Number of protein chains: 2
Amino acid sequence: MSATAMEVLAEPSRRRILDLLRGGERSVGDLVGHMRLTQPAVSKHLRVLRDAGLVDVTADAQRRLYRIRPEPLAELDAWLEPYRKLWNESLDRLERHLDKRKPR
Amino acid sequence: MSATAMEVLAEPSRRRILDLLRGGERSVGDLVGHMRLTQPAVSKHLRVLRDAGLVDVTADAQRRLYRIRPEPLAELDAWLEPYRKLWNESLDRLERHLDKRKPR
DNA sequence: TTCTTACATGCCTTGACAAGTATATAGCCG
DNA sequence: CGGCTATATACTTGTCAAGGCATGTAAGAA
């Protein structure tokens, strides 16, 4: 772990990898097959994700199977929390506004 | 708008600015007073936040008052959504595990 | 108008990072 | 062992962003 989940996930390719892993664990080669990037590039992204605790690996012969570890995302969710009520208020205001224009 | 909320908020100083603005609108000088950065640096971050639709400005004489526009954060929240159930499952598993070790 | 305040923008340097190519490492198979 | 497969790491290059300093600009004050 070295960077925040937010910093790590600023990279679109890394978000892509996580999205792919949402369907279950995958090998590196499998991921490469879905990602117009070379194998070393994907391996490096996986390294960053691993250091951030966002994925986990196990060895299967020569292959490495990666899977999501969602816990760090909870931290991101927590950061977002205080803002959630802010945009709920915005929506409320919009709603009240629409109610005024088109009552009932 | 040019970058995703995630990319924009990868920068710690920009997260800091948003956190400060959660207390209500502030002038640039006010923000600078809270942020070991020079005024130009803060202004540039504000520019990026503005381009991403994350803040809004109004002029008050020579001052500019910035406030949060939380809508783009909803997009981030939406990305997070499918993962939320993943870590809830993790927590469930942990819970069941603890129940086993210390039942009742 | 001139000065001052509050902020934005331009330019420059520096550091970080992403991606490619080449190479190392480790496990399987014959 | 020798060769093949799957992945990781080293090295290099190009790009880009953050931050500082200097300067531009607009609005009040004198």
Side-chain angles (χ1 to χ4, degrees), chain A residues 1-21 23-69 72 76, chain B residues 1-21 23-69 72 76:
Chain A
M1 298 217 201
S2 63
T4 71
M6 191 92 78
E7 282 153 5
V8 168
L9 296 174
E11 231 292 324
S13 298
R14 288 197 282 262
R15 283 201 297 274
R16 186 86 210 296
I17 289 177
L18 270 210
D19 284 341
L20 287 169
L21 291 181
E25 63 182 12
R26 286 175 184 269
S27 69
V28 177
D30 186 357
L31 290 170
V32 171
H34 289 267
M35 298 205 45
R36 264 187 290 157
L37 280 182
T38 61
Q39 172 265 314
V42 172
S43 279
K44 283 179 222 166
H45 284 306
L46 286 168
R47 182 71 145 102
V48 174
L49 288 167
R50 203 156 89 83
D51 288 347
L54 281 162
V55 301
D56 204 5
V57 215
T58 48
D60 169 41
Q62 323 111 336
R63 293 188 311 162
R64 312 286 146 166
L65 298 180
Y66 283 84
R67 78 194 55 74
I68 291 185
R69 257 182 30 105
L76 205 166
Chain B
M1 300 217 199
S2 60
T4 72
M6 190 93 75
E7 281 153 6
V8 168
L9 296 174
E11 231 293 324
S13 298
R14 288 197 283 261
R15 284 199 297 274
R16 185 86 210 295
I17 290 177
L18 271 209
D19 285 341
L20 286 168
L21 291 181
E25 65 181 12
R26 287 175 183 269
S27 69
V28 178
D30 187 356
L31 289 171
V32 171
H34 289 267
M35 299 207 44
R36 263 187 290 157
L37 280 182
T38 61
Q39 173 265 315
V42 172
S43 280
K44 283 177 216 168
H45 283 306
L46 286 168
R47 182 71 144 103
V48 175
L49 287 167
R50 204 156 89 82
D51 288 348
L54 280 161
V55 301
D56 205 7
V57 215
T58 48
D60 169 41
Q62 323 113 334
R63 293 188 311 161
R64 311 285 147 166
L65 299 179
Y66 283 83
R67 78 195 55 76
I68 292 186
R69 259 182 28 106
L76 205 165

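Just so we're clear, the structure is a prediction, and the values are computed from it rather than from any experiment. So that the names make sense, note that chain A is the first sequence line, chain B the second, and so on, each numbered from 1.
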S.K.: Indicate whether OP1 or OP2 belonging to C:dA19 is found under 4.0 Å from a side-chain N or O atom of A:His45.
M.R.: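 Checking A:His45 against C:dA19: at least one side-chain N or O falls below 4.0 Å of OP1 or OP2.
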S.K.: Provide, to the nearest angstrom, the distance between the CZ atom belonging to B:Arg14 and the P atom belonging to D:dA17.
M.R.: 9 Å
S.K.: Check every atom of D:dA18, D:dA27, C:dA6 against the side chain of B:Arg63 and return the nucleotide holding the closest atom.
M.R.: C:dA6
S.K.: Can you see whether B:Arg67 engages B:Thr58 through a side-chain donor-acceptor pair at a distance of less than 3.5 angstrom?
M.R.: yes
S.K.: Quick one: which of C:dT5, C:dA19, D:dA18 gets closest to the side chain of B:Glu11?
M.R.: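 Of the options given, the side chain of B:Glu11 lies nearest D:dA18.
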S.K.: Of the listed nucleotides (C:dC7, D:dA8, D:dG19), which one gets closest to any side-chain atom of B:Ser13?
M.R.: D:dG19
S.K.: Using side-chain contact (heavy atoms from CB on, under 4.5 Å), reason through A:Arg47 and A:Asp51 one step at a time and then give a plain yes or no.
M.R.: CA-CA 6 Å; A:Arg47 182 71 145 102; A:Asp51 288 347; 3.1 Å; yes
S.K.: Can you check salt bridge (Lys or Arg N to Asp or Glu O under 4.0 Å) on A:Glu7 and B:Arg15, steps first, answer last?
M.R.: CA-CA 11 Å; A:Glu7 282 153 5; B:Arg15 284 199 297 274; 3.8 Å; yes
S.K.: Find the distance B:Arg64:CZ to C:dA6:P and express it as a whole number of Å.
M.R.: 13 Å
S.K.: From CD of B:Gln62 over to P of D:dA27, roughly how many Å is that when rounded to an integer?
M.R.: 9 Å
S.K.: Please state how far atom CZ in B:Arg26 lies from atom C1' in C:dA6, giving the value in whole angstrom units.
M.R.: 17 Å
S.K.: Is any side-chain heavy atom of B:Leu21 less than 4.5 Å from a side-chain heavy atom of B:Leu49?
M.R.: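 Sidechains of B:Leu49 and B:Leu21: no contact.
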S.K.: Can you name the nearest heavy-atom pair linking B:Ala5 to B:Leu76, along with the distance?
M.R.: CB-CD1, 4.3 Å
S.K.: Could you check how far CD of B:Glu25 sits from C1' of C:dC7, rounded to whole Å?
M.R.: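 Value for this atom pair: 16 Å.
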S.K.: Can you name the nearest heavy-atom pair linking B:Leu46 to B:Val55, along with the distance?
M.R.: O-CG2, 4.0 Å
S.K.: Reading DNA chain C from 5' onward, which residue's closest nucleotide shows up sooner: B:Val57 or A:Arg36?
M.R.: B:Val57
S.K.: Phosphate oxygens OP1/OP2 of D:dG19: is one of them under 4.0 Å from a side-chain N or O of B:Thr38?
M.R.: no
S.K.: Do A:Asp30 and A:Leu20 come close enough that some side-chain heavy atom pair is under 4.5 Å?
M.R.: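 No, side chains not in contact.
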S.K.: Return the value, rounded to whole Å, for the distance between atom CD of A:Glu7 and atom P of C:dC17.
M.R.: 9 Å
S.K.: For C:dA6, take OP1 and OP2 only and decide whether either is under 4.0 Å from a side-chain N or O of B:Tyr66.
M.R.: no
S.K.: Could you go over nucleotides 9-13 of chain C and give all protein N or O partners under 3.5 Å, atom names and distances?
M.R.:
from   : atom 1 : to      : atom 2 : distance (Å)
C:dT9  : OP2    : B:Arg47 : NE     : 3.3
C:dG10 : O6     : B:Lys44 : NZ     : 3.2

S.K.: Using whole Å, report how far CZ of A:Arg16 lies from P of C:dA19.
M.R.: 13 Å
S.K.: With nearest nucleotides of DNA chain D determined for A:Gly29 and B:Asp60 from heavy-atom distances, which residue corresponds to the more 5′ nucleotide?
M.R.: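 Looking at DNA chain D, the more 5' nearest nucleotide goes with A:Gly29.
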S.K.: Using whole Å, what does the distance between atom P of nucleotide D:dA8 and atom CG of A:Asp51 come to?
M.R.: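 Taking CG of A:Asp51 and P of D:dA8, I get 12 Å after rounding.
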